[in-house]
Amino acid sequence: MTVSNTYSIEDYLNLSEKELDERITKARKSLDQRLLILGHHYQQDDVIKFADFRGDSLKLSQEAAKSAREFIVFCGVHFMAETADIVTGDNQKVILPDLTAGCSMADMADLYRVEKAWKEIANVAGEENVLPVTYINSSADLKAFCGKKGGAICTSSSAEKIMRWALGEREKVFFFPDEHLGRNSAIRSGIPEDEIILWHRDAPMGGNSEAEIKKAKVILWDGFCSVHMLFLPKHIEYFREKYPGVNIIVHPECRREVVELSDLCGSTEYIIKTVKAAPAGTVWAIGTEINLVNRLRKEQPDKTIFFLSTTVCLCSTMYRIDPQHLCWVLENLVEGNVVNRITVPEEEKRWAKIALERMLAL
Ligand code: 13P
Ligand code: SF4
């Protein structure tokens with residue numbers, strides 16, 4: 001009889017960088033074609049170097065959907081691993097190396113409060129006139145809610161397209177959880193500012209009057225990303241003054257004033273592709289998470305790349321995925337132990353998939 005070992009994370013916390021590197025490499029080799037490691041662009045260098053694919057939320061969910069590998073180790077945050085479980089088959093297992101790697105923005109919207117808001121909006125505007133859209137940075141039950149109600153999921157790279165589609169389908173769009181991505185997409189879709197209202201999640205009627213809800217075309221949940229809130233108009237003014245000709249590129253989770261003052265705006269994948277494709281000698285100031293910016297600076301030495309804010313904007317939850325946790329989950333897999341598996345209940349999966357497919361079809 002063979003007895004398999006179960007390793008505990010405590011055994012990994014004091015390993016040297018060299019030992020972790022060697023052991024992760026060995027475990028990957030041993031799992032070979034059974035394993036796929038996906039890495040979001042905000043991951044630290046010591047983790048992303050082991051990823052088979054790097055990408056933004058959209059690209060990584062597409063890679064997960066294409067893959068037939070048995071184990072998908074997702075170096076990202078919880079909602080990304082859930083999305084991977086939604087799009088993969090029953091024989092595949094999705095693993096998040098540290099279960100505390102959540103997304104603080106996703107946590108700002110929960111099914112109870114979204115359903116309550118939905119009822120209040122429907123009472124005023126009629127359910128048949130409102131379409132829910134959730135940013136992919138949300139829990140699986142909210143994705144399923146959108147699927148059931150005829151709505152869709154969007155990512156940072158598809159938000160504007162989905163907003164235009166949704167506004168064509170129904171009179172009003174209820175967008176959650178990111179106020180800023182929602183507003184930036186609505187404005188780019190031609191919705192005037194006075195037809196966009198904010199839904200304060202803990203206030204009755206979201207803090208709005210019946211007349212305001214009736215008039216609104218877009219209703220935005222009041223969630224935000226604390227990392228992207230740190231980019232301010234004054235940072236852009238500083239760079240424009242100090243480096244005339246600088247190109248400012250930001251993520252659409254930034255507030256509207258920042259997006260409007262920038263030259264370009266898009267997903268993490270878009271930011272990387274744009275800067276890589278730019279001519280040598282160009283100067284860039286980038287408004288997104290610091291690991292991405294620092295890596296791009298190293299990889300593109302022929303360009304001058306600045307981080308747009310004076311505050312260090314680190315996604316602390318992404319940072320929880322470290323080589324120690326990666327090594328721990330991989331060595332357990334080698335032993336036949338699946339630790340930190342992420343599973344979405346079947347019924348939720350089915351509806352969430354419908355919402356996701358509506359986006360992919362567009
Ligand atoms: P991307 O889909 O652009 O990678 O964004 C995900 C995210 O969480 C940004 O904060
Ligand atoms: Fe969530 Fe913000 Fe981190 Fe993106 S950067 S995963 S939105 S907390």
Side-chain angles (χ1 to χ4, degrees), residues 38-44 47-48 51 53-65 74-84 87 96-110 133-139 142-143 153-162 175-182 184-185 221-231 249-255 258-259 262 264-275 286-296 307-309 311-321 356 359-360:
L38 298 176
H40 186 266
H41 289 307
Y42 292 164
Q43 288 296 310
Q44 47 188 305
V47 168
I48 202 92
F53 290 103
R54 301 176 184 189
D56 62 7
S57 306
L58 178 65
K59 187 172 159 192
L60 293 178
S61 58
Q62 287 168 333
E63 288 302 336
F74 212 120
C75 299
V77 287
H78 194 268
F79 76 82
M80 297 180 182
E82 274 191 338
T83 308
V87 298
L96 182 66
D98 185 341
L99 293 179
T100 66
C103 162
S104 52
M105 178 213 282
D107 293 343
M108 289 176 191
D110 58 89
V133 173
T134 188
Y135 186 22
I136 198 162
N137 295 37
S138 57
S139 54
L142 288 182
K143 293 182 172 87
I153 293 168
C154 74
T155 64
S156 59
S157 50
S158 65
E160 190 183 329
K161 204 175 229 179
I162 303 294
F175 188 97
F176 39 87
D178 188 12
E179 169 192 345
H180 303 283
L181 180 69
N184 289 325
S185 311
W221 194 259
D222 65 346
F224 58 87
C225 167
S226 43
V227 176
H228 289 92
M229 283 302 89
L230 295 171
F231 300 105
I249 187 165
V250 301
H251 195 276
E253 287 173 14
C254 291
R255 59 188 89 225
V258 167
V259 170
S262 309
L264 298 161
C265 169
S267 77
T268 54
E269 184 76 12
Y270 170 83
I271 292 173
I272 292 170
K273 275 193 179 158
T274 306
V275 175
I286 305 179
T288 197
E289 208 263 356
I290 197 153
N291 276 295
L292 182 156
V293 180
N294 285 345
R295 188 155 49 241
L296 201 51
F307 183 64
L308 185 59
S309 175
T311 314
V312 173
C313 308
L314 173 89
C315 177
S316 54
T317 47
M318 285 268 181
Y319 198 68
R320 290 189 179 154
I321 309 294
L356 194 66
M359 171 186 82
L360 296 174

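Atoms within a ligand are numbered from 1 in the order they appear, just like the ligands themselves.
- With respect to His251, the side-chain contact (heavy atoms from CB on, under 4.5 Å) criterion is satisfied by exactly one of Leu181, Asn184, Thr288: Thr288.
- Looking at atom 3 (O) of ligand 1, its nearest protein heavy atom turns out to be Ser156 OG, 2.6 Å.
- Side-chain N or O atoms of Ser158 include none that pairs as donor or acceptor with a backbone N or O of Cys154 at under 3.5 Å.
- Every N/O-N/O distance between Asp56 and ligand 1 stays at or above 3.5 Å.
- The environment of Tyr319 atom OH is sparse: at most 12 non-hydrogen atoms of other residues, nucleotides or ligands sit within 6.0 angstrom.
- At a 4.0 Å heavy-atom cut-off, ligand 1 touches Tyr42 through the side chain alone.
- Taking 4.0 Å as the cut-off, Glu269 does not count as a neighbour of ligand 1 on heavy-atom distance.
- Gly266 and Pro252 get closest at one heavy-atom pair: O-CD, 3.2 Å.
- Within the 4.0 Å heavy-atom criterion, neither part of Glu289 lies near ligand 2.
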Handout entry: Criterion side-chain contact (heavy atoms from CB on, under 4.5 Å) on Phe79 and Lys143, from CA distance to verdict
Key = CA-CA 10 Å; Phe79 76 82; Lys143 293 182 172 87; 4.2 Å; yes

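- By the 4.5 Å heavy-atom criterion applied to side chains, Phe176 and Leu142 are counted as neighbours.
- The protein heavy-atom contact nearest to atom 6 (C) of ligand 1 is Ser57 OG, 3.5 Å.
- Looking at Met105 against ligand 1, nothing comes within 4.0 Å, counting heavy atoms.
- The shortest side-chain heavy-atom distance between Met80 and His40 falls under the 4.5 Å cut-off.
- In terms of polar-atom proximity, Ser267 is not counted as a contact of ligand 1, lacking any N or O under 3.5 Å from an N or O of the ligand.
- Within the structure, ligand 1 has Asn137 among the residues with a heavy atom less than 4.0 angstrom away.
- Contacts between Glu289 and ligand 1 below 4.0 angstrom, taking non-hydrogen atoms only, are absent altogether.
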Practice task
Given side-chain contact (heavy atoms from CB on, under 4.5 Å), test Ile272 with Arg295 step by step and report yes or no.
Solution key: CA-CA 10 Å; Ile272 292 170; Arg295 188 155 49 241; over 6 Å; no

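- Atoms of ligand 1 lying under 4.0 Å from any heavy atom of Glu253, numbered from 1 in the order shown and given with element: 7 (C), 8 (O), 9 (C), 10 (O).
- Between Ser156 and Tyr135, the closest heavy-atom pair is N-CE1, 3.5 Å.
- Considering only heavy atoms from C-beta on, Tyr42 stays 4.5 Å or farther from Val77 through its side chain.
- Distances under 2.8 Å from atom 1 (Fe) of ligand 2 pick out the protein N/O/S atoms Cys103 SG.
- With a heavy-atom cut-off of 4.0 Å, His41 does not touch ligand 1 at all.
- When each atom of ligand 1 is checked for a heavy atom of His251 under 4.0 Å away, the hits are 1 (P), 3 (O), 5 (O), 9 (C).
- Nearest heavy-atom pair, Asn137 versus Ser57, reported as atom, atom and distance to 0.1 Å: OD1-OG, 4.4 Å.
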Handout entry: Stepwise side-chain contact (heavy atoms from CB on, under 4.5 Å) check, Asp56 with Thr155
Key = CA-CA 9 Å; Asp56 62 7; Thr155 64; 6.0 Å; no

